[in-house]
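Scroll down for the structure; my scribbles are underneath it.
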Amino acid sequence: MDIKALEAQQIEMAQQVVIPSENEGYHPSEGDILVTFDVQYIQEEAFVALDVQEWKGAIKGTFLKKLPTPNSYVPSFFAFREGPVLWQAYQALIEEQSIKANCLLIDGHGIAHPRQFGVASWLGVKTSLPTVGCAKQTLLKFHGGIASNRGATLNIQQNKQTLGFALRTQTATKPVFVSPGHLISLSQSVDIILEFASRYRLPEPIRRADQAARAFAKNELEEGWNAPMLLG
DNA sequence: GCGACAG
DNA sequence: ATCTTGTCGC
């Protein structure tokens, strides 16, 4: 892959990202469909899991799709590897299951990225849907300590602009890194992640998608629609 | 120049 | 992401 071309494309697409102010943009309503993505890779095959859940409502199930991976992974250009695969899987969810999302949750970054364009922003621009990124590692350095209680946050800034937060989802566990991808505010992004991370460090939909993708990659689940997995 | 670098 | 078991702790 040509890094210069990717960089140009990244900067061009980043200009399309919209991050509303605190009181505007997407705010989940009861019954909204939230779709959460995760991927496992074997060689150049991507095993994608889409967890479907209603806001304040039922866990609907998981859609599984196997796809070829078009691009290799280049650090800070993760969106170009995983983004197209997430996009294809979401199109299949619409076409095969007639399910459309009100908001997408991505295992990765939104605008908390060196060029403000993580995979959540990529998918947001492609779908014109609100997206939230939640990552286990940060790409941007930040200073200061974060309080140890659940709900504590620390701003992740670049050029004095807040791009996301380190968020403690459980008392005395490592924080996760939350940032809006598109069409949602910083504070709403944190609220959604905190709401979903009621018991573990990672939000439950991400855990479900991760587990489903792993089982799918091991051939323990079949491609297509799967009823909700039991237990936690 | 060297190391670090979401998934 | 993946290569990899049991073990410790809440």
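In the text below, chain A, chain B and the rest are named by the order of the sequence lines, each starting its count at 1. Values in this document were obtained by computation on a predicted structure and should not be read as measured data.
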Parallel, tilted or perpendicular, as decided by the 30° and 60° cut-offs, for the rings of A:Phe177 and A:Phe142: tilted

Nucleotide-resolved protein contact map, nucleotides 2-7 of chain B, B/S/- at heavy-atom distance under 4.0 Å: ---BBB

Side-chain donor or acceptor of A:Arg168 paired with backbone N/O of A:Ala147 under 3.5 Å: yes

Transitive ILVMFWY side-chain link A:Val132 to A:Leu202, under 4.5 Å: yes

Under 3.5 Å: donor-acceptor pair, side chain of A:Arg201, backbone of A:Lys174: yes

Test: A:Lys136 and A:Asp107 ion pair at under 4.0 Å: yes

Path from A:Ile11 to A:Leu139 over hydrophobic side-chain contacts below 4.5 Å: no

Donor-acceptor contact below 3.5 Å, side chain A:Asn226 vs main chain A:Gly224: yes

Among A:His109, A:Gln158, A:Gln10, A:Gln15, side-chain hydrogen bond (donor to acceptor under 3.5 Å, both in side chains) partner for A:Gln116: A:Gln158

Paired and unpaired positions of DNA chain B as dot-bracket, Watson-Crick or G-U wobble under 3.5 Å, | denoting a partner strand: .......

Main-chain N/O of A:Leu194 paired with A:Arg150 side-chain donor or acceptor, under 3.5 Å: yes

Residues within residues 164-198 of chain A bordering DNA chain B, heavy-atom distance below 4.0 Å: none

Main-chain N/O of A:Phe80 paired to A:Asn71 side chain as donor or acceptor, under 3.5 Å: yes

